[in-house]
Amino acid sequence: MSRYDPATLEPKWQAAWEDANVFLAEPSADKPKYYVLEMFPYPSGRIHIGHVRNYTMGDVIARYKLATGHSVLHPMGFDAFGMPAENAAMASGGHPADWTYANIDTMVAQMKPLGFGLDWSRMFATCDPEYYGQQQALFLDFLEKGLVYRKNAVVNWDPVDMTVLANEQVIDGKGWRSGAEVERRELTQWFFKISDYSEELLDALDGLDDWPAKVKLMQANWIGKSRGLQFRFATQDAPEGFDSLEMYTTRPDTFLGATFAAIAADHPLARALAEQNSEIAAFCEECRKGATNEEALEKAEKIGFDTGVTVVNPFQPDRALPVFIANFVLMDYGTGAIYGCPAHDQRDFEFAKKYGLDIVDVFVAETDGVPVSTEAYVPDKDVIVRYLRALAGPEVMTSYEAIDHAIGRCEADGVGEGVTRFRLRDWGLSRQRYWGCPIPVVHCPTCGVVPEKKENLPIELPRDVDISIPGNPLDRHPTWRNCTCPKCGGAAQRETDTMDTFVDSSWYFARFTAPHADTPTDPEAAAYWMNVDQYIGGIEHAILHLLYSRFFARAMHICGHLPETAKEPFNALFTQGMVTHAIFQTRDGEGRPVYHYPEDVDLRDGKGFLADGTEVEIIPSAKMSKSKNNVVDPVAIISQYGADTARWFVLSDSPPERDVEWTAAGAEAAYKHLGRVWILCDRIAQMDKDAAGTGDEDLMRAMHKTIFDVTNGVESFGFNAAIAKLYAFTNTLSKSQASYAAQRQAVMTLAQLMAPMTPHLAEDIWAHQGGEGLVAQAAWPVADEAMLVEDTVTLPIQINGKRKSEIVVPKDASKEEVEKIALADDAVVKALAGGQPKKLIVVPGRIVNVVL
RNA sequence: GCGGGCGUGAUGGAAUGGUAGACAUAUCGGACUUAAAAUCCGUGGGCCGUAUGGCCGUGUGGGUUCGAGUCCCACCGCCCGCACCA
């Protein structure tokens, strides 16, 4: 043994762990359990360095928990349904299943050399019939409990390809393949009743102490609870049956600034008017153009059509407001009708300018009597409250109280009432696609929609489908949809829609507790392993995936698949950042960017050059993208440096919640450091075993301090800081003149502390020093508190808040003693020039501040 | 557009409201070498100074505090999400 050779030692230790079944998750009566889970990957084809970062973080936790005496569950699987498989099949002529399973095989083969402590015996893919069959069983249970229902909803429709498009397939309002302008079209679809749980999902966020505050805030905003006034505006010149229009508002300050009303193209009134007037009908069609996503709707040019109908605001009986049909009002939100206050809302202001509507400024007193003219005046809270108090009386202190005041008035007059609303909409799960979990229901001409019998599950996807043309292959399959009605036994048709892939990922964490059970979960296993103690994944899942999973856990509890305690399935959540990489680009003759691979770029003094000497532009920290040629392939990194270097680097350079930029220099540095640690270990192993030395005590103090710091770092996701402490301790150890016994203890402890991050190297050091068994199974070192405290502390002295000097005082010195020593300090004496300080602040153990 | 976040040396970053820049990389200087690489030692925010040291400094502008990278307000820039991408 003479050099660090990861290519040899890594497979060796991986085999050793496997032989010893180190990571097989087994319930234990006398150990606490710990379930650590990283968001499972989509089988895109190859693992990405971002996966390496994600699973390394989870692995650090898993290995640490194992070392601290837990029974650990750390599983891996694949989120395997979805559009990319269909797209790949369309492009290559293959089959989505073949593509998916081949990718899974490749990715597993790429993951194993990274040495993750995973229980591979629990692996599954969501496209396995064993998995999605249980998902169908869940669907049937939800249906029975009223947690799923059918209603109409709007989808993106490509009129040329005659197919439904996902939002990502809509580019600038046009279909990605056909280029045709996308239309909004209504289909009957299945929905989960997540909105029934709005209040609960919101309230329960309070109990999620180990979730990032920002994720909880984003979810709270997404659920969007509001208390407002729902009130009726009496109509004039409206078709029969439309005596009034219902509006909802949370903004009492805009009541009197209202100058127009707008309704959705799908509002019943708009539909009624369209029947009578072809111009209105044409306009409504126009409004239905464009994508369904909120961002597109918000950014789209606002257009309106004056219907000739007017309404009267109950707060302003003498003013008739024109009613427009407008493309920015959606039937799904609120009542499908709004009133506009142009003076105090920029969007309404622009609409009013465009259509020549009145602008009534109710805050004119706040703007020195100058009314709104070029843009809306949006008042801040204090201004609103002052205004409302003047309007409604001195008891009004908040906007909320003003709403209550208005509610009272409207209820007395019979024109409105208080309503609590949520922004959260029900979760539409129907997808008109092949590669997903079939929805297990049957459409019977006599019985209507009938749930499939559980004994017929799984309803498997047919293998023989034609993927090559747009549309749902299940829909046009010659025989698959033909079946018998589970109720009457007559000829019937299967539902051909499949489920949103978010359904697949909303309960996989529960399935991991009993991946082979013939029910969705095994109650005993679920009771033992749930909840997920630590969940780790990207911030991009902050809202949808995590909210859906929280809903699913509740629904599964209602159906008896999860215990009450698992209603919040993730005890702690950590959202990690991306791995980025610089883009190296030059420009072609027309100024278009040309992207260069990192291996073609020579970096010198922060500049990059091609082989011919051309300087390239470096765009740092860009998201990795195949088209930008800046993707780092973990497989190449492992073959060059080994898994431990990759693991060490992705943890070391940035805080885990932030993005980390992959650099060749950084990877090289990590590799060199691991090599130095190995050589250090080797040197200590060759020392004279009886060698005495100096500085044993100092080395042991440094060791215990490092144990303390690294333990804290691992516990609190401060991996980068923990690694910095390990660097410092390595430096200390390599300079140490301590005895062999002390140095051996230090290097073995170093190996233990590094083991969660660089497990292979740690095992090698452990074995090299004659350690017993595997370091993966050794107990985590414990810091000796007595070794952490020094006898004296150095306190900085500030004069007027600026550091000027420092003093050394005994660690248990009283405040008075510290004051005395501080006042005797040369710098303080000089600054005081014989006078007395105005104030003397002593923070024991921390700092002294002398105020002159 | 709406919601959320981030901003510290040349670079990645460290810092329970208490010594800003730990640790690492680049650079520069030195040792070793015929030389280079590797390795080791040192330097490593800016300005002034031979130096002891001094002044400035955490995106910008204000505020709170004995003390602000950290807390509050406004602004600028970048990133993420927006319900059929996973």
Side-chain angles (χ1 to χ4, degrees), chain A residues 39 41-42 44 79 81-84 153 155-156 164-170 189 194 212-215 217-222 224 291-300 328 332 346-347 423-433 500-502 504-505 538-545 547-548 575 577-578 580 603-606 620-621 623 652-655 657-661 663 665-666 668-670 672-673 675-676 679 718 720-721 723-728 731 734 794-798 800-806 837-841 843 845-852:
Chain A
M39 290 179 187
Y42 179 79
S44 55
D79 187 15
F81 275 135
M83 291 201 306
V155 294
N156 299 308
V164 176
L165 298 178
N167 281 336
E168 74 158 11
Q169 296 173 319
V170 180
Q189 309 203 62
I194 189 171
K214 64 176 170 181
V215 173
L217 186 59
M218 284 160 94
Q219 291 218 351
N221 287 338
W222 187 261
T292 58
N293 61 317
E294 201 167 314
E295 186 191 2
L297 291 168
E298 285 295 332
K299 284 185 173 169
F328 60 89
D332 291 1
Q346 190 58 25
R347 188 178 69 181
R423 205 182 77 98
L424 181 64
R425 310 198 300 258
D426 277 335
W427 167 16
L429 66 118
S430 300
R431 297 292 181 272
Q432 297 69 41
R433 276 181 261 285
D500 177 8
T501 56
F502 270 119
D504 312 338
S505 56
I539 186 72
E540 67 274 19
H541 295 293
I543 296 171
L544 294 179
H545 163 60
L547 193 61
Y548 291 159
T575 54
M578 288 187 305
T580 62
L603 289 170
R604 295 192 299 265
D605 293 355
S621 301
K623 190 173 180 168
S652 67
D653 247 24
S654 280
E657 67 277 14
R658 232 189 278 178
D659 291 351
V660 61
E661 179 163 5
T663 61
E668 184 73 30
K672 281 183 189 170
H673 176 72
R676 274 194 294 270
I679 288 164
N720 57 325
I723 283 178
K725 301 291 183 187
L726 289 167
Y727 267 106
N731 293 343
S734 65
T794 304
L795 292 185
I797 297 201
Q798 294 184 332
N800 286 340
K802 286 190 187 282
R803 198 195 80 96
K804 293 291 174 182
S805 181
E806 58 185 34
K838 207 180 278 174
K839 207 168 176 183
L840 189 60
I841 290 144
V843 184
R846 272 287 167 200
I847 204 163
V848 177
N849 192 8
V850 183
V851 185
L852 299 178

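Letters A, B, ... mirror the listed sequences (proteins, then strands); counts begin at 1. All values below come from the heavy atoms of this structure, side chains included, with hydrogens, waters and symmetry mates left out. These numbers were taken from a predicted model, which means no experiment stands behind them.
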Exercise for the section: Take Arg431(A) and Asp500(A), measure what side-chain contact (heavy atoms from CB on, under 4.5 Å) needs, and give me the verdict at the end. Expected result: CA-CA 6 Å; Arg431(A) 297 292 181 272; Asp500(A) 177 8; 3.1 Å; yes
Practice task
Take the angle between the ring planes of Tyr548(A) and Phe502(A) and call it parallel below 30°, perpendicular above 60°, tilted in between.
Solution key: perpendicular
Practice task
If U33(B) has a Watson-Crick or G-U wobble mate with both distances under 3.5 Å, name it; if not, just say none.
Solution key: none
Problem - Identity of whatever pairs with U65(B) - Watson-Crick or G-U, under 3.5 angstrom - result: none
Handout entry: Gln169(A) (side chain) and C85(B) (base): donor-acceptor pair under 3.5 Å
Key = no
Problem - Minimum side-chain heavy-atom gap Leu297(A)-Phe328(A) below 4.5 Å - result: no
Handout entry: Any N/O donor-acceptor pair, Asn167(A) side-chain to C84(B) base, under 3.5 Å
Key = no
Practice task
Give Asn849(A) one of three labels, base, sugar-phosphate or nothing, depending on what nucleic acid heavy atoms sit under 4.0 Å from its own.
Solution key: base
Practice task
May I ask you to test the Thr501(A)-Tyr42(A) pair for a side-chain heavy-atom distance under 4.5 Å?
Solution key: no
Exercise for the section: Remember a base hit wins even if backbone is also touched, and classify Ser44(A) as base, sugar-phosphate or nothing at under 4.0 Å, heavy atoms. Expected result: nothing
Practice task
Would you classify Arg347(A) as touching base, sugar-phosphate or nothing, given that sugar-phosphate means primed atoms plus P, OP1 and OP2, and contacts are heavy atoms under 4.0 Å?
Solution key: nothing
Practice task
Determine whether any donor atom in the side chain of Arg846(A) lies under 3.5 Å from an acceptor atom in the base of U19(B), or the reverse, and answer yes or no.
Solution key: no
Exercise for the section: For Val170(A), answer base if it contacts any base atom (sugar-phosphate contacts may also be present), sugar-phosphate if it contacts only those atoms, and nothing otherwise; contact means non-hydrogen atoms under 4.0 Å. Expected result: nothing
Completion exercise
Between CG of Asp653(A) and C1' of U25(B) the distance, given in whole Å, is 8 Å
Practice task
Name the nucleic acid region contacted by Pro41(A), choosing base, sugar-phosphate or nothing; use a 4.0 angstrom heavy-atom cut-off, strictly under.
Solution key: nothing
Practice task
For Lys672(A), answer base if it contacts any base atom (sugar-phosphate contacts may also be present), sugar-phosphate if it contacts only those atoms, and nothing otherwise; contact means non-hydrogen atoms under 4.0 Å.
Solution key: sugar-phosphate
Exercise for the section: With heavy atoms under 4.0 Å as the rule, sort Ile841(A) into base, sugar-phosphate or nothing. Expected result: base
Practice task
With heavy atoms under 4.0 Å as the rule, sort Asn720(A) into base, sugar-phosphate or nothing.
Solution key: sugar-phosphate
Handout entry: Side chain Glu294(A) and base C82(B) donor-acceptor under 3.5 Å
Key = no
Handout entry: Touch class at under 4.0 angstrom, heavy-atom based, for Ala542(A) against every strand present
Key = nothing
Handout entry: Pairwise side-chain contact, Val851(A) with Pro837(A), heavy-atom cut-off 4.5 Å (strictly under)
Key = no
Exercise for the section: Take Lys214(A) and Glu657(A) through the test salt bridge (Lys or Arg N to Asp or Glu O under 4.0 Å) and record every step on the way to the result. Expected result: CA-CA 12 Å; Lys214(A) 64 176 170 181; Glu657(A) 67 277 14; over 6 Å; no
Handout entry: Rounded distance in Å between the P positions of G44(B) and G29(B)
Key = 15 Å
Exercise for the section: May I ask which nucleotide in the shown strands pairs with A26(B), Watson-Crick or G-U wobble, both distances under 3.5 Å? Expected result: none
Practice task
Output yes when at least one side-chain N/O atom of Lys839(A) is less than 4.0 Å from OP1 or OP2 of C66(B), else no.
Solution key: yes
Exercise for the section: Tell me what Gly428(A) touches on the nucleic acid: a base, only sugar-phosphate, or nothing, going by heavy atoms under 4.0 Å. Expected result: sugar-phosphate
Practice task
Under a 3.5 Å limit for both distances, which nucleotide forms a Watson-Crick or G-U wobble pair with A74(B), could you say?
Solution key: U60(B)
Handout entry: Distance-minimising heavy-atom pair for Ala542(A) and Val215(A)
Key = O-CG1, 3.6 Å
Handout entry: Nucleotide forming a Watson-Crick or wobble pair with A83(B), both distances under 3.5 Å
Key = none
Practice task
Round to a whole Å and report the spacing from CZ of Arg676(A) to P of C23(B).
Solution key: 13 Å
Practice task
For U60(B) versus U52(B), give the span between their P atoms, rounded off to a whole number of Å.
Solution key: 29 Å
Handout entry: hbond_proxy Glu295(A) side chain to G81(B) base (donor-acceptor, 3.5 Å cutoff)
Key = no
Practice task
Return yes if the base of C6(B) and the side-chain atoms of Glu657(A) contain a donor-acceptor N/O pair under 3.5 Å, otherwise no.
Solution key: no
Practice task
Could you check whether Ile797(A) gets within reach of a base, just the sugar-phosphate, or nothing at all, counting any heavy atom under 4.0 Å?
Solution key: nothing
Practice task
Select base, sugar-phosphate, or nothing to describe what Val155(A) touches, counting heavy atoms under 4.0 Å on all strands.
Solution key: base
Handout entry: Phosphate contact (A14(B) OP1 or OP2) by Arg658(A) side-chain N/O below 4.0 Å
Key = yes
Exercise for the section: May I ask you to say what His541(A) touches in the nucleic acid, namely base, sugar-phosphate or nothing, with a heavy-atom cut-off under 4.0 Å? Expected result: base
Exercise for the section: Identify whether any heavy atom of Gly666(A) sits under 4.0 Å from a base atom; if not, whether one sits that close to sugar-phosphate; answer base, sugar-phosphate or nothing. Expected result: nothing
